[in-house]
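Because only heavy atoms are used, hydrogens play no part in the values below, and waters and symmetry mates are left out as well, while side chains stay in. Residue numbers begin at 1 in each chain, while the letters A, B, ... track the order of the sequences.
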Protein chains: 2
Amino acid sequence: MSDNARPISAADTRTLAAVSVETGSRQERKQRTRQALQDAALELLAERGFGSLSLREVTKKAGIVPTAFYRHFASMDELGVALVEEAMRTLRRMIREARSDPRTSTHMIRASVATLYEHVRAYEDHFRFLTRERYGGTGAVQRAIATELKLFASELAVDLARFENLREWSTDDLHMMAELIVTSMMATAVELIEARPRDQETDERITGTAVKRLRLIVFGASHWRSES
Amino acid sequence: MSDNARPISAADTRTLAAVSVETGSRQERKQRTRQALQDAALELLAERGFGSLSLREVTKKAGIVPTAFYRHFASMDELGVALVEEAMRTLRRMIREARSDPRTSTHMIRASVATLYEHVRAYEDHFRFLTRERYGGTGAVQRAIATELKLFASELAVDLARFENLREWSTDDLHMMAELIVTSMMATAVELIEARPRDQETDERITGTAVKRLRLIVFGASHWRSES
DNA sequence: CTGGTGAGTGTACAACTGTGCACTCAATCG
DNA sequence: CGATTGAGTGCACAGTTGTACACTCACCAG
């Protein structure tokens, strides 16, 4: 493209690692660079897929030399799995919060969407990563997300089983409904992240649609008649 | 260009292009190589994301030299957009078929899922590409898919407006429902493509869940009460 | 028949890729 | 305390990347 001498900024974009004052025990510092690698990757993943992410880029942004990467992960795939775990921890924290005050279904939906909204805005990188790589990913990363998300849906199914309208539902049907809800929430997350322009009005339109969508699903559930 | 000991098979994996007998007019042959490029990309995309796809790989598989790529596309992004259009043509053909015999909602759902199933199996590459890059993609490709899919949902919303139960729905709500249906169908497509093991039983389980899911949405719609 | 057009070729190059190897030197252990 | 460990360094290498440039030569219009 341009005729600049430097192709890519050298090391001025480092995240943590060596730049941070060298304090703490050996283990602590190792843990910190490991986190720096994950942070760097997560940041780079804002505009590109995990598949098109190079080891060198990540280490450069993290502020370490390429070969030092292997002190923390055996491969990029392993980094990816670590990212899945980190992001899923965020997701689980979110559902725990949403679960903390059980009310009537209508208010609960609104409260849940509000909780989702706040978590998406607070942890955009995590949600972007999960939604991007859920289908777009490859190999270990995609598999890890699929597994975790299925587990996540199972937990939700257990919660759903406590509602009166759903008392007579089969486990399979509860699972189906839980997965539909999870997929809907992931779609909402994508819409929030990809939203343009980014103003209050747009956000309210998206969350409003999300509420309607969930309400539609719940209404469907209330009037469900299981048959062949 | 003789007995070079190259690491990767030279040109034995080519798709069409130069390998096909050189017949037809100039335009026809150009069109054929263009298609060969798209086919090659689509095939490579079975196991990797579009972002991590190199121009050289594609041209190698298509059976032409790298620099010849630019005779057909100005960039990889342009190839990507062409792929979106090709895949969307398949999607539209599918919905036209599903729309051809309108029946009662229950039977229509079953028929629609059957149509989806057949098209997914017949054009796996197209569906895999769309579902992968819908969220996982970047830049022009993701935008193109989002636009096309939104258009697609709009068409579906018009169809939905014809149903009696939905006569009084607002345009926005119909849109919301249509998008929910589209997302559900895309999820079904992913499940079918990613299905392991690949036997009749698994396929039936997936399509069965798809039917239930859609039925749940439609039931919800029937009992919907629009309010604040 | 003749000249121009343009799809495809071959060579070249600088940038970037993953990873092997030998190293430093501070934190930790016995 | 001295010995060991292991996170991070620097260099090296071969392979791949996008694309610039000059080219061939079958085709089609005149």
Produce the list of close N/O pairs, under 3.5 Å, pairing protein atoms with atoms of nucleotides 2-5 of chain D; give distances to one decimal.
unit_1: D:dT5; atom_1: O2; unit_2: A:Arg26; atom_2: NH2; d: 3.2

Interatomic distance where [atom1] belongs to [X] and [atom2] belongs to [N] [whole Å]:
X	N	atom1	atom2	result
A:Arg48	C:dT17	CZ	C1'	13 Å
A:Arg34	D:dG8	CZ	C1'	17 Å
A:Arg56	D:dA14	CZ	P	15 Å
B:Gln27	C:dT5	CD	P	16 Å
A:Lys60	D:dG8	NZ	P	18 Å
B:Arg29	C:dT5	CZ	C1'	14 Å
B:Ile64	C:dG10	CD1	C1'	14 Å

All ring pair (Phe, Tyr, Trp, His ring centres under 6.0 Å) counterparts of [X], not counting sequence neighbours:
X	value
B:Tyr117	none
A:Phe152	none
A:His126	A:Tyr123

(request) Could you tell me whether the phosphate oxygens of C:dG8, OP1 or OP2, come under 4.0 Å of any side-chain nitrogen or oxygen in B:Thr33? (result)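 For B:Thr33, the contact criterion (side-chain N or O under 4.0 Å from OP1 or OP2 of C:dG8) is met.
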(request) Could you tell me whether the phosphate oxygens of C:dT17, OP1 or OP2, come under 4.0 Å of any side-chain nitrogen or oxygen in A:Ser54? (result)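 Yes.
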(request) Consider the side chain of B:Leu55, meaning its heavy atoms from C-beta on, and name the nucleotide among D:dA12, D:dG18, C:dT9 that approaches it most closely. (result)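 Closest of the options to the side chain of B:Leu55: D:dG18.
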Looking only at heavy atoms, which two atoms of [X] and [Y] are closest? And how far apart?
X	Y	value
A:Lys30	A:Arg71	NZ-O, 3.2 Å
B:His72	B:Glu78	O-OE1, 4.5 Å
B:Ile217	A:Leu216	O-CD1, 3.8 Å
B:Leu192	B:Arg198	O-NH2, 3.6 Å

(message) Here's a test of your reading of the structure: between B:Ser25 and B:Leu53, which maps to the more 5' nucleotide of DNA chain D?
(response)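 Of the two residues, B:Leu53 wins.
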(request) Take A:Val84 and A:Phe129 through the side chain to side chain contact (heavy atoms under 4.5 Å, CB included) test and state the conclusion after the steps. (result) CA-CA 8 Å; A:Val84 174; A:Phe129 174 66; 3.7 Å; yes
(request) Identify, residue by residue, the members of residues 68-84 of chain A with a heavy atom below 4.0 Å from DNA chain D, and return them in order of residue number, or none. (result)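 Those residues whose heavy atoms fall under 4.0 Å from DNA chain D, taken from residues 68-84 of chain A in numerical order, are A:Ala68, A:Arg71, A:His72.
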(request) Take the C1' atoms of the five end pairs on each side of the helix from C:dC1-D:dG30 to C:dG30-D:dC1, get both axes, and report the angle to 10 degrees. (result)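 Axis-to-axis angle, ends of the helix: 20°.
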Between [Y] and [X], is there a salt bridge with N-O shorter than 4.0 Å?
X	Y	value
B:Glu148	B:Arg92	yes
A:Lys212	B:Asp172	no
B:Glu191	B:Arg205	no

(request) Look at the side chain of B:Thr67 and the base of C:dG10, then say whether one donor and one acceptor between them are separated by less than 3.5 Å. (result)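 Answer yes: a donor N or O sits under 3.5 Å from an acceptor.
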(request) Applying side chain to side chain contact (heavy atoms under 4.5 Å, CB included), run through A:Lys150 and A:Thr147 and close with a yes or a no. (result) CA-CA 5 Å; A:Lys150 196 148 274 188; A:Thr147 307; 5.9 Å; no
(request) Mind checking A:Glu28 for me? I need base, sugar-phosphate or nothing, with any heavy atom below 4.0 Å counting as a touch. (result)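 No contact.
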